[in-house]
Amino acid sequence: MNNKIIDFFKKIPIRSILPIVGIILIIISAILLVWQGNTNSNQSVPAYTASVYFDGEYRIGNGEWKEIKKGEHISSTKGDVTLRGNFHMLAPDGEYVGVYREDIPIAFYLDHISLTFYEVGSEPFMLDMENPIYGNSVCGVNWEAYYLTSKSDDLIEILVHNPHNFGNENAIDEMLSKVALWTPIEFEKGVLDSDATQRNVGLAIIIASVMFLATALFSSLIHVKNSKIIWLLGLVILFAGIYFTYSSFGISFWSESIVFNTLILGISMMLYIFFVFALIASSFQKMRKVGVIASIILGFANVILFILPMVTKLHFYDTWHYWLIIQSVANIALIVCIIKELIYSKGKNKLIFIGAFLPLISFWVDSVATVLGLWEGGIASQYVFLILFVVAIVFLLRIIPNSINAIAKAKELEREKLVLNTQLTESRVSTMMSQIRPHFIYNTLGSIEQLCELDPQKAGELVHDFAKYLRGNFGELDNPKPILMSKEMEHVHHYINIENVRFPDMTFFFEMNSNDFHIPALTIQPIVENAIKHGLMKLSKGGTIKVVSYETEQSYCVTVEDDGAGFDTAVLLDERKHVGIRNIRGRLKAMVNGSLEIESKIGQGTKVLITIPKEGEK
């Protein structure tokens, strides 16, 4: 099944995909140009049927009265605010009509605040989104209507109460800037039309996230290397799209569940930042463990903040400032990790980590702006996300074709590996058979027979070494993996103990400075055997063989050196006559990416150098 999918995608030319991608990007760009930052601005006034505004003065708590000036900020988090004045109406052409006292209700945008109206000759009336009449857990943003009861031009007082004192610093500014007449159909349509672009962009992003997540699933099924990153990208885009959609100020007409809207908005904001955090942490090399641990801790903290409103009287909205503190601390830790990664990274990786600063910095910019009342709704984070969203699309378009090609190559390499394993098995059999020659067995058995009469204890030791030697050779017939150098040397010692019985005047030295690395089985022993057979046995007597292992910064090395007769290395060019050396070279290259070099001088001896890169060891 996977092969058919891969073959299908391989047949699709990349050039045919690019025009489609270009069209998609043009559509997205057009939407963004139309949008032009139309998100929750303090001064964003929808095109309603008539223009109404409140004119007068205000005071915070029992402070001094101040004039309400258009565009001037009135804090909603420093205590109850009293507004005193009248509603005025402008004609469609902007001409002043007078104090408004008609029968059409006035619409108020309430961002987690309540309004209590005081009119001459009437009982106080409260518009309260937190009032138990809506349910004990109500907490959110909504449009509410109020009918003016007074027919005179007497001043009206409005008491604005914020039960949270956090997060909605601009609530009064928004309420005053969005005051309008609530006509039955036109008003709701005007609100929905005025922020339709933001909702549509949010829905488009959600659809794009589904495509990313589907791609992540597909990538996981065909074992694409970077599928985890695609999963995280998909989740980042999903929750960003949800936040775009539910942060529009007309959401209560689009989704009427106030509590649900508040929960979705807060959860999507938290999870967007969390998955951005996890995505950055997953790209670490040096600081990967720290990043994973920090992501796990942050995940647990978010879960606690989700559960807290369920088991306490705390509203979910009231947990946001705790989340802000926790996320800020986590971001500081992540930035320290990014700086360390920048120090060690090179090339394109530096650009990736520099880009990782953007969402973290935009989070702090939005947090400070919200607290100070500069703006609300994560505007900086939204713009940064849109930039990264385009980058993510480019990344996806590059990684999928490359991954499909890589998978195709991997399949080809797998087939080649099967052929190579067959050749290696044949090589191991050939090597084993070359070591267990009949004359070697006859000579060894003859030595055992003589020692049984002359030195039975020595005969027993020789039988032990011979059995271990045979077991080592036969045992490696079905072993496709390299073995530890220490184990290989055990086999060498058994072989030398056998040969020492026949050639007691030969001397062997071992200097094992490094034993903790892997080497193909039956590599050193045949080289030692060649040193004895073609080097020392051609001398009149004696001779020395020295085996040394050591490591450098890049490699593990083994040398086998003898002071025997030596030979002309030109004869090695004909590999048909030197099957043993060819087999050893082939297994070294295939199993540990190693190499074998031979130096020899006639009358001086021979030196064999085996080099195994440490990267092959990984």
Side-chain angles (χ1 to χ4, degrees), residues 40-46 48-91 94-131 133 141-183 187 249 372-376:
N40 284 355
S41 170
N42 293 339
Q43 302 301 322
S44 58
V45 183
Y48 305 141
T49 56
S51 178
V52 180
Y53 67 93
F54 187 84
D55 184 52
E57 53 189 355
Y58 75 95
R59 69 177 180 182
I60 299 176
N62 295 319
E64 295 181 0
W65 290 95
K66 298 180 180 180
E67 181 185 357
I68 297 175
K69 296 180 180 179
K70 186 176 181 181
E72 185 176 297
H73 173 57
I74 302 175
S75 174
S76 61
T77 60
K78 292 180 172 57
D80 290 348
V81 176
T82 304
L83 307 176
R84 185 169 65 185
N86 264 310
F87 291 97
H88 297 264
M89 188 173 181
L90 297 176
E95 183 180 351
Y96 176 72
V97 176
V99 175
Y100 178 73
R101 286 292 187 273
E102 303 296 331
D103 293 332
I104 300 175
I106 298 176
F108 294 93
Y109 180 71
L110 305 184
D111 181 359
H112 297 85
I113 57 175
S114 67
L115 304 181
T116 303
F117 294 85
Y118 298 90
E119 294 189 72
V120 176
S122 302
E123 292 293 323
F125 183 83
M126 177 181 286
L127 293 179
D128 185 6
M129 289 310 304
E130 314 279 336
N131 194 296
I133 194 172
V141 176
N142 195 29
W143 287 91
E144 292 292 320
Y146 175 71
Y147 287 89
L148 293 174
T149 58
S150 174
K151 298 301 180 182
S152 67
D153 292 346
D154 293 328
L155 296 178
I156 299 171
E157 286 193 1
I158 305 173
L159 178 66
V160 183
H161 174 65
N162 177 13
H164 303 288
N165 296 321
F166 172 80
N168 56 342
E169 170 72 21
N170 292 334
I172 296 176
D173 301 337
E174 288 183 317
M175 184 268 293
L176 291 175
S177 67
K178 293 179 173 66
V179 171
L181 294 181
W182 192 314
T183 52
F187 172 75
F249 60 82
L372 297 179
L374 301 177
W375 65 73
E376 191 175 358

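Note that the structure is predicted; figures quoted are calculated from it, not measured.
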Checking Tyr118 now: which residues fulfil side-chain contact (heavy atoms from CB on, under 4.5 Å) with it, not counting sequence neighbours?
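Counting only residues at least two positions away or on another chain, Tyr118 forms a side-chain contact (heavy atoms from CB on, under 4.5 Å) with Thr116, Pro124, Glu157, Leu159.
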Only counting residues at least two apart or in another chain, list the ones meeting side-chain contact (heavy atoms from CB on, under 4.5 Å) with Thr149.
Glu119, Ser122, Tyr146
Under 4.5 Å between any side-chain heavy atoms of [X] and [Y], yes or no?
X: Glu144; Y: Leu115; value: no
X: Phe54; Y: Met175; value: no
X: Ile74; Y: Leu176; value: yes
X: Asn142; Y: Leu110; value: no

Separation of [Y] [atom2] from [X] [atom1] (nearest 0.5 Å):
X: Met126; Y: Phe117; atom1: CE; atom2: CZ; answer: 11.0 Å
X: Ile60; Y: Thr77; atom1: CD1; atom2: OG1; answer: 8.5 Å
X: Ile104; Y: Leu148; atom1: CD1; atom2: CG; answer: 11.5 Å
X: Asp173; Y: Ser75; atom1: CG; atom2: OG; answer: 8.5 Å

Let me check something: any side-chain donor-acceptor pairs from residues 80-91 under 3.5 Å, sequence neighbours excluded? List them with distances.
{"residue": "Asp80", "atom": "OD1", "partner": "His161", "partner atom": "ND1", "Å": "2.7"}
{"residue": "Arg84", "atom": "NE", "partner": "Glu57", "partner atom": "OE2", "Å": "2.9"}
{"residue": "Arg84", "atom": "NH2", "partner": "Glu57", "partner atom": "OE2", "Å": "2.4"}
{"residue": "Asn86", "atom": "OD1", "partner": "Arg101", "partner atom": "NH1", "Å": "3.3"}
{"residue": "Asn86", "atom": "OD1", "partner": "Arg101", "partner atom": "NH2", "Å": "2.7"}
{"residue": "Asn86", "atom": "ND2", "partner": "Asp153", "partner atom": "O", "Å": "3.0"}
{"residue": "His88", "atom": "ND1", "partner": "Tyr96", "partner atom": "OH", "Å": "2.7"}

Please name all residues satisfying side chain to side chain donor-acceptor pair (under 3.5 Å) with [X], sequence neighbours left out, ordered by chain then number.
X: Asp103; result: Lys151
X: Ser150; result: Ser152
X: Tyr100; result: none

Could you tell me whether a side-chain N or O of Ser76 sits under 3.5 Å from a main-chain N or O of Glu169, the two making a donor and an acceptor?
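Yes, Ser76 side chain to Glu169 backbone: donor-acceptor pair under 3.5 Å.
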Nearest heavy-atom pair of Arg59 and Gly61: which atoms, and what distance?
NE-O, 3.6 Å
Quick one: closest heavy-atom pair of Ala171 and Asp111, and the distance?
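Taking every non-hydrogen atom into account, CB-O, 3.7 Å.
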